[in-house]
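Please read all numbers here as calculations on a predicted model, not as lab measurements. In the text below, chain A, chain B and the rest are named by the order of the sequence lines, each starting its count at 1.
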Number of protein chains: 2
Amino acid sequence: MTTKLTQLKQDFTEGLSQISRFWGFPKGMGSIFAVLYLSPTPLSLDEVVQATGLTKGAISTEVRTLARMGLVHRSSKLADRKDYYEAEDDFYKSIRSILKERQNSEFDSAIRSVRETLEKLEAGTVTGNAAELDFIYKRVRALQEFFNAIDGLTKAVIKLESLGMTNVTKILSVLK
Amino acid sequence: MTTKLTQLKQDFTEGLSQISRFWGFPKGMGSIFAVLYLSPTPLSLDEVVQATGLTKGAISTEVRTLARMGLVHRSSKLADRKDYYEAEDDFYKSIRSILKERQNSEFDSAIRSVRETLEKLEAGTVTGNAAELDFIYKRVRALQEFFNAIDGLTKAVIKLESLGMTNVTKILSVLK
DNA sequence: TACTACGTTTAGTAATTACTAAACATTCTA
DNA sequence: TAGAATGTTTAGTAATTACTAAACGTAGTA
């Protein structure tokens with residue numbers, strides 16, 4: 001039983017859409033990436049419209065966030081006003097730019113709020129039952145330390161020349 | 001300038017809510033966890049209702065998913081029909097059970113769909129332009145390899161006796 | 001057995017998010 | 001300069017998700 005190439009592409013795209021949703025991104029983002037990833041040549045906005053069934057508007061905005069994450073690249077041909085988009089195919093590179101992106105995001109500000117909580121506790125300016133205060137202080141500090149560890153890890157990954165199989169293998173070997 | 005303990009708790013809870021949303025979970029989940037995490041003693045459902053402002057129903061369901069992820073534990077006192085909930089305070093442990101949880105989830109099925117794509121391509125049962133087929137095969141295979149690497153990593157982490165600062169430090173040292 | 005104290009489920013609502021359609025801005029071309 | 005070809009923004013809609021309120025189930029207690 002044979003499969004048509006177009007069908008295969010569609011299934012693949014469907015799969016990436018689900019993965020995208022799983023990670024909390026719009027499923028349209030997944031399908032845009034899939035289409036670009038399977039294309040041997042960069043595609044214009046209208047070609048992506050055609051291939052995904054989404055509208056120009058949607059693609060315009062989602063391609064921008066994909067580009068911010070380093071998952072697609074925008075290029076242009078001389079003497080052609082169209083923009084062209086192509087997928088990054090080095091996922092390890094993408095991971096690094098996604099992490100970099102996230103550093104400046106809301107996540108960091110939320111984490112900062114935990115640190116502020118901790119600082120208030122350390123400054124001794126919080127009024128309330130002493131035993132409870134002590135308990136809460138320990139817990140908040142533990143959380144803070146955990147965040148610091150995560151933060152250290154992501155920063156280390158960002159700084160790498162390249163993540164990639166070699167490094168993954170190294171990590172695996174230490175974990176054994 | 002001093003802060004009331006209740007205010008501090010509220011701010012902390014607010015912070016965790018944002019973090020929860022950032023990771024694609026309901027913000028209510030974050031606040032439930034925060035309340036439990038700051039409590040020296042396990043809390044009953046009604047106490048959580050009181051502390052979070054959510055309804056019994058919401059808490060009932062969200063506490064269940066928190067428990068599945070190993071972030072909270074349910075316990076009961078003898079001769080007391082109430083359930084009591086308390087937060088896991090070993091986050092490394094939680095990471096491991098979250099990863100374990102995710103293994104059987106939709107994510108895996110989506111990844112499986114990529115593998116299926118690859119298998120069809122390898123079986124040579126796909127009809128279409130040969131050059132394009134070859135290109136697509138290479139790309140899909142690369143993605144598959146990437147997923148395998150990730151999968152290997154998560155499995156390794158799951159298998160660990162315990163993740164924790166020691167291991168994080170080890171990883172960091174390899175990445176330098 | 002009826003009543004109470006709980007947790008769960010369910011059906012509906014509110015809030016959020018993803019997307020569309022169309023107006024708009026910009027740049028090139030005639 | 002007018003017109004066409006492009007990408008972006010915006011205002012509204014559809015779809016999804018988080019939550020509420022209240023009915024329900026169950027088990028313990030009088």
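- Minimum atom distance to the side chain of Thr55(A) is reached by dT20(C), of the listed dT8(D), dT20(C), dG7(C).
- Going from atom CE of Met29(B) over to atom C1' of dT16(C) covers 18 Å, rounded to whole Å.
- At the heavy-atom level, Gly28(A) lies under 4.0 Å from the strands shown only through sugar-phosphate atoms.
- Atom P of nucleotide dT10(C) and atom CD1 of Ile59(B) are separated by 19 Å, given to the nearest angstrom.
- Residues forming a side-chain hydrogen bond (donor to acceptor under 3.5 Å, both in side chains) with Tyr37(B) (at least two apart in sequence, or on another chain): none.
- Atom P of nucleotide dG28(D) and atom CG of Asp83(B) are separated by 13 Å, given to the nearest angstrom.
- Residue Ala58(A) is the one, among Ala58(A) and Ala58(B), whose nearest nucleotide of DNA chain D lies closer to the 5' end (criterion: closest heavy atom).
- Between Arg21(A) and dT17(D), a side-chain N or O to OP1/OP2 separation shorter than 4.0 Å is present.
- Residue Glu62(A) contributes atom CD, which lies 11 Å from atom C1' of dT17(C) at whole-angstrom precision.
- When distances run from any side-chain atom of Pro26(B) to the nucleotides dT16(C), dG7(D), dA18(D), the shortest one goes to dA18(D).
- Between the CG atom of Leu172(A) and the CE atom of Met165(A) there is a distance of 7.5 Å, given to the nearest 0.5 Å.
- Picking from dT9(C), dC19(D), dT8(D) the nucleotide with the shortest atom distance to the side chain of Arg64(B) gives dT9(C).
- Side-chain proximity of Arg81(B) to the nucleotides dG28(D), dT17(C), dT20(D) is greatest for dG28(D).
- Each of dT17(C), dG7(D), dT8(C) was ranked by its minimum atom distance to the side chain of Lys56(A); first place goes to dG7(D).
- The side chain of Thr61(B) lies closest to dT9(C), out of dT8(C), dT9(D), dT9(C).
- If you find the closest nucleotide of DNA chain D to Lys82(A) and to Lys27(A), the one lying nearer the 5' end belongs to Lys82(A).
- Per the geometry, CD belonging to Glu47(A) stands 10 Å off P belonging to dG7(D), to the nearest Å.
- The interatomic distance linking Asp80(B) (CG) with dG28(D) (C1') rounds to 12 Å, in whole Å.
- Under a cut-off of 6.0 angstrom, the local environment of CZ in Arg21(B) is sparse, with at most 12 non-hydrogen atoms contributed by other residues, nucleotides or ligands.
- If you check the side chains of Gln50(B) and Asp46(B), you find no donor sitting under 3.5 Å from an acceptor.
- The side chain of Arg74(A) lies closest to dT8(D) when the candidates are dT8(D), dT16(D), dT8(C).
- As a whole-Å value, the separation of Tyr84(A) OH from dA5(D) C1' is 12 Å.
- Side-chain polar atoms of Glu47(A) and Ser44(A) form a donor-acceptor pair below 3.5 angstrom.
- Closest to the side chain of Ser60(B), out of dA18(C), dT8(C), dT16(C), is dT8(C).
- Distance Gln18(B) CD to dT16(C) P: 13 Å, rounded to the nearest Å.
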